[in-house]
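Here's a structure for you.
We number each residue from 1, following the sequence as shown. These numbers were taken from a predicted model, which means no experiment stands behind them.
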Amino acid sequence: MTRVLVVGACGRMGLSLVREIAGSTDLRLGAVLERAGHPRLGEELAPGVKLGSDARAACAEAEVGIDFSSPASTLELLEAAEARGLPLVVGTTGLDAVVDARIARAAQRIAIVRAANFSMGIAVLLELVAEASRRLAGYEIELCEMHHDQKVDAPSGTALALARRAAEARGQKLEDVAVYAREGQTGRRNPQAIGIQSLRLSDSVGEHTVYFGGPGERIELAHRALSRDNFAAGALAAARWLVGRAPGVYAMRDVLA
C-alpha cells in the first residue's frame with residue numbers, strides 16, 4: 001500500500017481524493033494537510049490520520065504527495081518535499097513565475113507530475129487541439145471556459161494550457177497572441193489572435209471549448225466535466241506512476257504513454 005499525502009485536503013479536489021483513496025486497494029492515506037488556522041485542523045479524516053498544517057511532518061508520513069492547494073502552500077510544500085525526497089503531483093493553478101522556477105529547481109532532486117487538469121479526457125484534448133491547430137492553418141482560434149463561482153483564478157489553468165498548445169503548434173508564443181477580453185471599439189479581429197473568455201457560474205465543475213473558424217465552417221473541440229471524480233482518478237493514476245521515477249518534471253501525456 002502506497003501512502004499518499006493530500007495537500008489542500010478540505011478543498012473540493014482534496015475531499016474527492018480522500019474519498020477515492022479510501023476506496024482504493026493499493027493506496028492509503030498517509031497524511032492530510034491544510035493551511036494554518038483552518039477550522040478543521042486536528043480532525044481525523046481517516047483512521048489515525050489527522051488534518052495538520054506542518055508540511056515537513058506530513059511529508060515524512062507519505063511516499064508520494066498530491067497538491068491541489070494555493071500558490072503559497074505549493075511553495076511551502078516544495079521546500080518540505082525536496083528535503084524529504086518526496087515525489088509530487090502538482091495540480092495547483094494560478095502559479096506565477098516564482099513558483100514555476102521553484103518547481104524547476106525541486107525537479108532536479110524529485111520527480112514531479114505537473115498538470116493544469118488531471119482528466120484523462122483533457123490530456124487527449126490537448127493533443128487534439130495541437131493537431132487541429134497545425135492542420136487548420138489560417139483558421140481563427142477562440143476558447144471559452146466555464147467554472148463554478150468560487151474559483152479564484154481566471155482564465156483557468158486548463159484554458160491556458162489548451163491555448164498554449166494551440167499557439168505552440170503554430171510556432172507562436174501565447175503571450176504574443178492571447179486576447180483575454182473585448183469591449184468597445186476593438187477594430188477588426190487580428191487573425192493571429194487566440195481569444196480566451198472565462199465564465200463563472202453556479203456549481204459548474206469545468207467546461208472547455210476550443211473553436212476553430214475558417215471559410216464557411218467552424219470546428220469545436222469540447223470537454224465537459226460532470227464531476228470531480230475524473231480529476232481525482234487522473235491524479236491518483238499520476239501518483240501511482242510517479243513512485244520510483246527519476247527526478248524531473250513530467251506531464252499527463254507521460255503518464256498515459
- Student check: side-chain heavy atoms of Arg40 and Lys50 closer than 4.5 Å: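 Not in contact.
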- Message: For a 4.5 angstrom cut-off between non-hydrogen side-chain atoms, does Met13 reach Phe231?
- Response: yes
- Task: May I ask you to decide whether Arg12 forms a salt bridge with Asp203, counting only side-chain N to carboxylate O separations under 4.0 Å?
- Result: no
- Item | Residue pairs, two or more places apart or on separate chains, that pass salt bridge (Lys or Arg N to Asp or Glu O under 4.0 Å) and touch residues 102-111 |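 Only Glu79-Arg102, Glu82-Arg102 qualify under salt bridge (Lys or Arg N to Asp or Glu O under 4.0 Å).
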- Does the distance from a Lys or Arg side-chain N to an Asp or Glu carboxylate O, for Arg218 and Glu220, drop under 4.0 Å?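 Here Arg218 pairs with Glu220 in a salt bridge, since their nearest N and O are under 4.0 Å apart.
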- Message: Can a donor-acceptor pair be found, under 3.5 Å and without considering hydrogens, that links the side chain of Gln172 to the backbone of Val177?
- Response: no
- Message: Here's a test for you: under side chain to side chain contact (heavy atoms under 4.5 Å, CB included), which of Asp67, Val89, Leu95, Thr92 qualifies with Arg114?
- Response: Leu95
- Query: Does His38 offer a backbone N or O that forms a donor-acceptor pair with the side chain of Glu34 under 3.5 Å?
  - Reply: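 Answer holds: no.
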- Between Val124 and Leu128, is any pair of side-chain heavy atoms under 4.5 Å apart?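 When only atoms from C-beta onward are counted, Leu128 and Val124 do touch, with a gap below 4.5 Å.
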- Message: Would a single hydrophobic cluster contain both Phe68 and Val7, if residues Ile, Leu, Val, Met, Phe, Trp and Tyr are joined by side-chain heavy-atom contacts under 4.5 Å?
- Response: no
- Message: On a heavy-atom basis, which atom in Ser69 and which in Thr74 lie closest, and how many Å separate them?
- Response: OG-OG1, 3.6 Å
- Query: Between atom CG of Leu86 and atom CD of Glu61, what is the distance when rounded to the nearest 0.5 Å?
  - Reply: 11.0 Å
- Task: Flag the pair Glu207 and Arg224 as a salt bridge only when some basic side-chain nitrogen lies within less than 4.0 angstrom of an acidic carboxylate oxygen.
- Result: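 Looking at Glu207 and Arg224, the cut-off is met.
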- Student check: side-chain heavy atoms of Glu43 and Cys10 closer than 4.5 Å: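 The answer is no, as the side chains (C-beta and beyond) never meet within the 4.5 Å cut-off.
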- Query: Would you say Ile21 and Val6 make side-chain contact, with heavy atoms under 4.5 Å?
  - Reply: yes
- Going by heavy atoms in the side chains, are Leu162 and Leu125 under 4.5 Å from each other?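 Yes, close enough: below the 4.5 Å cut-off.
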- Message: Please check: side-chain N/O of Arg165 versus main-chain N/O of Leu160, any donor-acceptor pairing under 3.5 Å?
- Response: no
- Message: For a 4.5 angstrom cut-off between non-hydrogen side-chain atoms, does Leu27 reach Met1?
- Response: no
- Atom pair CG (Leu33) and CG (Leu51), whose distance is rounded to the nearest 0.5 Å: 7.5 Å
- Query: Can you tell me how far CD1 of Ile141 sits from CZ of Phe212, rounded to the nearest 0.5 angstrom?
  - Reply: 4.5 Å
- Task: Please confirm whether the backbone N or O of Ala193 pairs with a side-chain atom of Arg189, one donor and one acceptor, at under 3.5 Å?
- Result: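 Yes; judged by distance alone, with no hydrogens or angles, the pair exists.
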- Task: Would you indicate whether the side-chain heavy atoms of Ser24 and Leu236 approach each other to under 4.5 Å?
- Result: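 Contact flag for Leu236/Ser24 side chains = no.
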- Task: Give a yes or no on whether the ring-centroid distance for Tyr139 and Tyr211 is below 6.0 angstrom.
- Result: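 That pair fails the under 6.0 Å test.
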- Query: To the nearest 0.5 Å, what is the distance between CD (Glu127) and CD (Glu131)?
  - Reply: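 The CD atom of Glu131 is 9.5 Å from CD of Glu127, to the nearest 0.5 Å.
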- Message: Can you give me the closest heavy-atom contact between Ala60 and Arg3, atom names plus distance?
- Response: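 In this case the closest contact between Ala60 and Arg3 is O-NH1, 4.2 Å.
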- Item | Sidechain-backbone polar pair: Arg228 side chain, Ser16 backbone, donor-acceptor under 3.5 Å |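 No, Arg228 side chain to Ser16 backbone: no donor-acceptor pair under 3.5 Å.
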- Message: If hydrophobic clusters are built by linking Ile, Leu, Val, Met, Phe, Trp and Tyr wherever their side-chain heavy atoms come under 4.5 Å apart, do Leu15 and Ile66 end up in the same one?
- Response: no
- Are Tyr180 and Leu143 connected in the hydrophobic side-chain network, where two residues link if heavy atoms are under 4.5 Å apart?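 Cluster IDs for Tyr180 and Leu143 match.
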- Looking only at non-hydrogen atoms, find the nearest pair between Ala222 and Thr209 and report the distance.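 Scanning both residues completely, I find the closest heavy atoms to be CB-OG1, 3.6 Å.
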- Message: Please find the pair of heavy atoms, one from Pro71 and one from Val99, that lie closest to each other, and give the distance.
- Response: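 Between these two residues, the closest heavy atoms are O-CG2, 4.2 Å.
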- Query: Less than 4.0 Å between a side-chain N and a carboxylate O, is that true for Asp153 and Lys151?
  - Reply: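 The answer is yes: the pair qualifies as a salt bridge.
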- Taking atom CD1 of Ile110 and atom CG of Leu78, what is their separation to the nearest 0.5 Å?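 The CG atom of Leu78 is 6.5 Å from CD1 of Ile110, to the nearest 0.5 Å.
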- Query: Is Glu142 salt-bridged to Arg182, going by a charged N under 4.0 Å from an acidic O?
  - Reply: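 The answer is yes: the pair qualifies as a salt bridge.
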- Write down the atom of Leu174, the atom of Ala163, and the distance for their closest heavy-atom approach.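 It is CD1-CB, 3.7 Å.
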- Would Ser156 and His208 count as having a side-chain donor-acceptor pair, cut-off 3.5 Å?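 Yes, His208 and Ser156 have a side-chain donor paired with an acceptor closer than 3.5 Å.
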- Query: Given the rule that I, L, V, M, F, W and Y join up when any side-chain heavy atoms are under 4.5 Å apart, are Val113 and Ile103 in one cluster?
  - Reply: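 In one cluster with Val113: Ile103, no.
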- Message: Do Leu75 and Val90 sit in one hydrophobic cluster, given that two such residues count as connected whenever their side-chain heavy atoms are within less than 4.5 Å of each other, even indirectly?
- Response: yes
- Side-chain donor-acceptor pair present, Thr2, Glu63, cut-off under 3.5 Å: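 Glu63 and Thr2 do not have a side-chain donor-acceptor pair below 3.5 Å.
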Determine all donor-acceptor pairs shorter than 3.5 Å in which one atom belongs to a side chain in residues 243-257; sequence neighbours excluded.
residue	atom	partner	partner atom	Å
Arg245	NE	Trp241	O	2.9
Tyr250	OH	Ala246	O	2.8
Asp254	OD2	Ala251	N	2.8

- Query: Do you know which two heavy atoms are closest between Val129 and Ala166, and how far apart they sit?
  - Reply: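 Of all heavy-atom pairs spanning Val129 and Ala166, the closest is CG1-CB, 3.8 Å.
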- Once you round to the nearest 0.5 Å, how far does CG of Leu88 lie from CG of Leu5?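 CG of Leu5 is found 8.0 Å from CG of Leu88.
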- Item | His148 versus Ser202, side-chain donor and acceptor atoms under 3.5 Å |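 No, no side-chain donor-acceptor contact under 3.5 Å.
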- Task: Please assess Arg35 against Ser53 for the test side-chain contact (heavy atoms from CB on, under 4.5 Å), listing each intermediate value before the final yes or no.
- Result: CA-CA 6 Å; Arg35 57 179 170 77; Ser53 61; over 6 Å; no
